[in-house]
**Student:** 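Following this message is one structure expressed as structure tokens.
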Amino acid sequence: MPAAIRRVVFNQKGGVGKSTIAVNLAAIAASRGKRVLLIDLDPQGNSSHYLLASVPQERGTTLADYFRQLLSISLFDKDAPSFVIATPFAGLSLMASHPELAELMIKLESRYKMFKLKETLDSLSDRFDEIWIDTPPALNFYTRSALIAATRCLIPFDCDTFSRQALYGLIESVDEIRSDHNPDLSVEGIVVNQFQARANLPQRLVTELREEGLPVLESALSSSVKIRESHEAAKPMIFFDPTHKLTREFDALYRSLSDGR
Ligand SMILES: Nc1ncnc2c1ncn2[C@@H]1O[C@H](COP(=O)(O)OP(=O)(O)O)[C@@H](O)[C@H]1O
Ligand SMILES: [Mg+2]
């Protein structure tokens, strides 16, 4: 059985659609019969909330428990599958966020635990077809761990001039992680989110980025209030409104990704 495809959704800027894209593409994969794992590394837990409505309170089941375990030497360590929980959606599993992730970060960093997530994903890899990693809006310990653990990186882009400047630095960060730690990592594409096809500026920005050779994906996502409703209902678009325009765009985006099948 081939190992899982591992994707990280990364952009240091908040509010560009990382969590929305990670959850909706993971949900589409699951709806197509894939065995999918979503890993929510953002202490804010937006993806976990999106899938579960509430973050699990039970001790021992979230990524905070997983990372805390990395800091203590114990004979009774739980194995990686213990931290994978089910969601209400068939085929879609979750390693859930917890606010404690924020406090754990400095210790994890000072004790060089950045490669542990990759080891863990290696051990989980044949249980899943696809692993999607959502990251915090920063290039910190969790984001670096994800870029080391993944092989493909999707970068959401909101067509803002400031974001464009940040994009170059962002791609440099990915290049640096690739050359220092993870030769298998590549930028799979830049996903244009909340695209206003009729406005001039976004059109021009996208054209210019393509001319510069940046891998801007053809499948853009338009803006719709339905996304908010879908967050509110804790149901990804493919289950909340399967025929909506944005759902079709997510589906087209998913199919356009290599091995999207
Ligand atoms: N295509 C879209 N149309 C409308 N609203 C969107 C769209 N994508 C994201 N949003 C909204 O923008 C906000 C930020 O999205 P989110 O996925 O949380 O970004 P990030 O994870 O990068 O911080 C959320 O309130 C979300 O509902
Ligand atoms: Mg987010």
Side-chain angles (χ1 to χ4, degrees), residues 7-28 38-55 62-63 94-99 101-102 105 132-147 150 153-160 162-164 166-167 169-170 173-174 187 189-199 202 205-206 216-254 256:
R7 289 194 177 90
V8 54
V9 184
F10 165 55
N11 190 324
Q12 279 148 273
K13 191 176 176 196
V16 293
K18 287 181 289 298
S19 303
T20 302
I21 290 168
V23 168
N24 279 289
L25 294 182
I28 284 182
L38 186 112
I39 301 179
D40 182 3
L41 287 178
D42 186 351
Q44 288 187 54
N46 294 341
S47 297
S48 305
H49 281 278
Y50 196 175
L51 288 173
L52 298 178
S54 65
V55 172
T62 72
L63 280 166
L94 175 69
M95 289 178 94
S97 166
H98 188 280
L101 285 177
M105 193 169 80
W132 289 83
I133 313 176
D134 185 21
T135 56
L139 184 55
N140 60 20
F141 168 83
Y142 293 121
T143 314
R144 288 202 170 88
S145 298
L147 288 166
C153 175
L154 280 183
I155 302 174
F157 174 63
D158 59 1
C159 286
D160 177 280
F162 295 130
S163 304
R164 174 188 183 165
L167 211 49
L170 224 135
S173 307
V174 177
V187 174
I190 295 167
V191 181
V192 177
N193 187 24
Q194 307 219 43
F195 187 57
Q196 295 166 291
R198 268 166 294 214
L205 273 181
V206 167
V216 182
L217 298 171
E218 285 294 332
S219 302
L221 302 167
S222 48
S223 180
S224 166
V225 290
K226 264 285 172 202
I227 277 287
R228 293 256 159 81
E229 292 171 30
S230 140
H231 281 283
E232 199 71 28
K235 263 191 182 175
M237 288 297 288
I238 189 74
F239 305 115
F240 184 64
D241 193 342
T243 58
H244 192 273
K245 177 171 180 244
L246 196 49
T247 310
R248 283 186 272 118
E249 290 172 353
F250 276 121
D251 195 56
L253 172 61
Y254 179 78
S256 81

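Counting begins at 1 with the first residue of the sequence. Any value given below was found using the heavy atoms of this structure, including those in side chains, with hydrogens, waters and symmetry copies removed. All figures in this text were calculated on a predicted structure; none of them were measured in a lab. Ligands are counted one by one from 1 in listed order, and the atoms in each one are counted from 1 as well.
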**Student:** Counting each atom of ligand 1 from 1 as listed, which ones have a heavy atom of S222 under 4.0 Å away?
**Tutor:**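 Taking each heavy atom of S222 in turn, ligand 1 has 1 (N), 2 (C), 3 (N) under 4.0 Å.
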**Student:** Could you walk me through whether L246 and K226 satisfy the side-chain contact (heavy atoms from CB on, under 4.5 Å) test, starting with their C-alpha distance in whole Å, then the side-chain angles of each, then the deciding distance to 0.1 Å, before giving a yes or no?
**Tutor:** CA-CA 8 Å; L246 196 49; K226 264 285 172 202; 5.5 Å; no
**Student:** May I ask whether P137 has any heavy atom positioned less than 4.0 angstrom from an atom of ligand 1?
**Tutor:**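 The answer is no, since P137 has no heavy atom less than 4.0 Å from ligand 1.
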**Student:** Which one of K13, H231, Q12, Q194 has a non-hydrogen atom at the shortest distance from atom 12 (O) of ligand 1?
**Tutor:**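 When every heavy atom of K13, H231, Q12, Q194 is considered, Q194 comes closest to atom 12 (O) of ligand 1.
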**Student:** Any non-hydrogen side-chain atom of L101 less than 4.5 Å from a side-chain atom of T62?
**Tutor:**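 Answer no - side chains too far apart.
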**Student:** For ligand 1, is any non-hydrogen atom under 4.0 Å from P156's backbone (N, CA, C, O), its side chain (CB onward), both, or neither?
**Tutor:**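 The answer is neither; P156 stays 4.0 Å or more away.
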**Student:** For the Mg ion (ligand 2), count the protein N, O or S atoms found under 2.8 Å away.
**Tutor:**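 The number of such protein atoms is 1.
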**Student:** Under a 4.5 Å cut-off applied to non-hydrogen side-chain atoms, are I238 and F250 in contact?
**Tutor:**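 The answer is no; the side chains never approach within 4.5 Å.
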**Student:** Determine the minimum heavy-atom distance between S97 and S48, stating which atoms define it.
**Tutor:**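 That would be N-OG, 3.0 Å.
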**Student:** What residue and atom, counting heavy atoms only, is the protein's closest point to atom 17 (O) of ligand 1, and at what distance?
**Tutor:**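 Minimum-distance protein heavy atom for atom 17 (O) of ligand 1 reads T20 OG1, 2.5 Å.
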**Student:** Only heavy atoms of V16, strictly under 4.0 Å: list the atoms of ligand 1 that pass.
**Tutor:**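 Per the distance check, 19 (O), 20 (P), 22 (O).
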**Student:** At a 4.0 Å threshold, what atoms of ligand 1 neighbour a non-hydrogen atom of G14?
**Tutor:**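 Going through ligand 1 atom by atom, the ones under 4.0 Å from G14 are 23 (O).
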**Student:** Mind checking whether G15 has an N or O less than 3.5 Å away from an N or O of ligand 1?
**Tutor:**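 Yes - when backbone and side-chain N and O of G15 are compared with those of ligand 1, one distance drops under 3.5 Å.
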**Student:** Answer whether the closest heavy-atom distance between the side chains of V8 and T135 falls below 4.5 Å.
**Tutor:**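 Side-chain contact under 4.5 Å: yes.
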**Student:** Can you check whether L246 has an N/O within less than 3.5 Å of an N/O in ligand 1?
**Tutor:**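 Looking only at distances, the answer is no, because the N/O contact criterion of under 3.5 Å is not met.
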**Student:** Which salt bridge (charged side-chain N to carboxylate O under 4.0 Å, His left out) pairs, counting each pair once, include a residue from residues 12-24, with sequence neighbours left out?
**Tutor:**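 Residue pairs with at least one partner in residues 12-24: K13-D158.
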**Student:** Got L154 and L25 here, is their nearest side-chain heavy-atom distance under 4.5 Å?
**Tutor:**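 Yes, at least one pair of side-chain atoms sits under 4.5 Å.
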**Student:** Quick one: are Q12 and S173 in side-chain contact, heavy atoms under 4.5 Å?
**Tutor:**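 The answer is yes; the side chains approach within 4.5 Å.
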**Student:** Is I21 close to ligand 1, meaning an N/O of one under 3.5 Å from an N/O of the other?
**Tutor:**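 N/O-N/O distance under 3.5 Å: no.
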**Student:** For atom 25 (O) of ligand 1, what's the nearest protein heavy-atom neighbour? Residue, atom name and distance, please.
**Tutor:**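 Of the protein heavy atoms, R228 NE, 3.3 Å lies nearest.
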**Student:** Would you say S230 and Y50 are linked by a side-chain donor-acceptor pair, where the criterion is simply a distance under 3.5 Å?
**Tutor:**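 Short answer, yes.
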**Student:** Closest approach of F240 and K235, non-hydrogen atoms and distance?
**Tutor:**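 In terms of heavy atoms, the two residues are closest at CB-O, 3.5 Å.
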**Student:** Given side chains that start at C-beta, do those of H231 and T20 come closer than 4.5 Å, heavy atoms only?
**Tutor:**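 With C-beta onward as the side chain, the pair touches.
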**Student:** Is there a polar contact between ligand 1 and D134, counting only N or O atoms under 3.5 Å apart?
**Tutor:**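 No, since none of the N or O atoms of D134 sits under 3.5 Å from an N or O of ligand 1.
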**Student:** Where is the nearest protein heavy atom to atom 19 (O) of ligand 1: which residue, which atom, and how far?
**Tutor:**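 The closest heavy atom on the protein side is G17 N, 2.9 Å.
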**Student:** Heavy atom of I227 under 4.0 Å from ligand 1?
**Tutor:**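 In this structure, I227 qualifies as a contact of ligand 1 - some heavy atom is under 4.0 Å.
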**Student:** Would A22 count as a contact of ligand 1 if the rule is a heavy atom under 4.0 Å away?
**Tutor:**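 Flag not set, A22 not near ligand 1.
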**Student:** In terms of heavy-atom contacts, does CD of E229 have more than 12 from other residues, nucleotides or ligands at under 6.0 Å?
**Tutor:**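 Result for CD/E229: enclosed.
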**Student:** Determine whether H244 and S224 make a side-chain contact, defined as any pair of heavy atoms from C-beta on separated by less than 4.5 Å.
**Tutor:**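 They are in contact (side-chain heavy atoms under 4.5 Å apart), so the answer is yes.
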**Student:** Might you point out which heavy atoms bring K245 and S222 nearest each other, and give the distance in Å?
**Tutor:**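 Closest heavy-atom pair between K245 and S222: NZ-OG, 3.3 Å.
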**Student:** Counting from 1, what ligand 1 atoms have a heavy atom of S19 closer than 4.0 Å?
**Tutor:**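 Heavy-atom distances to S19 below 4.0 Å select 17 (O), 21 (O).
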**Student:** Under 4.0 Å, heavy-atom basis, I'd like to know which part of S224 is in contact with ligand 1: side chain, backbone, both or neither.
**Tutor:**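 The part of S224 near ligand 1 is the backbone, not the side chain.
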**Student:** What is the nearest protein non-hydrogen atom to atom 8 (N) of ligand 1, stated with its residue, atom name and distance?
**Tutor:**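 Of every protein heavy atom, N193 ND2, 3.0 Å lies nearest to atom 8 (N) of ligand 1.
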**Student:** Distance only, no hydrogens: is a donor on one side chain within 3.5 Å (strictly under) of an acceptor on the other, for D134 and S19?
**Tutor:**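 D134 vs S19: donor-acceptor pair found between side chains.
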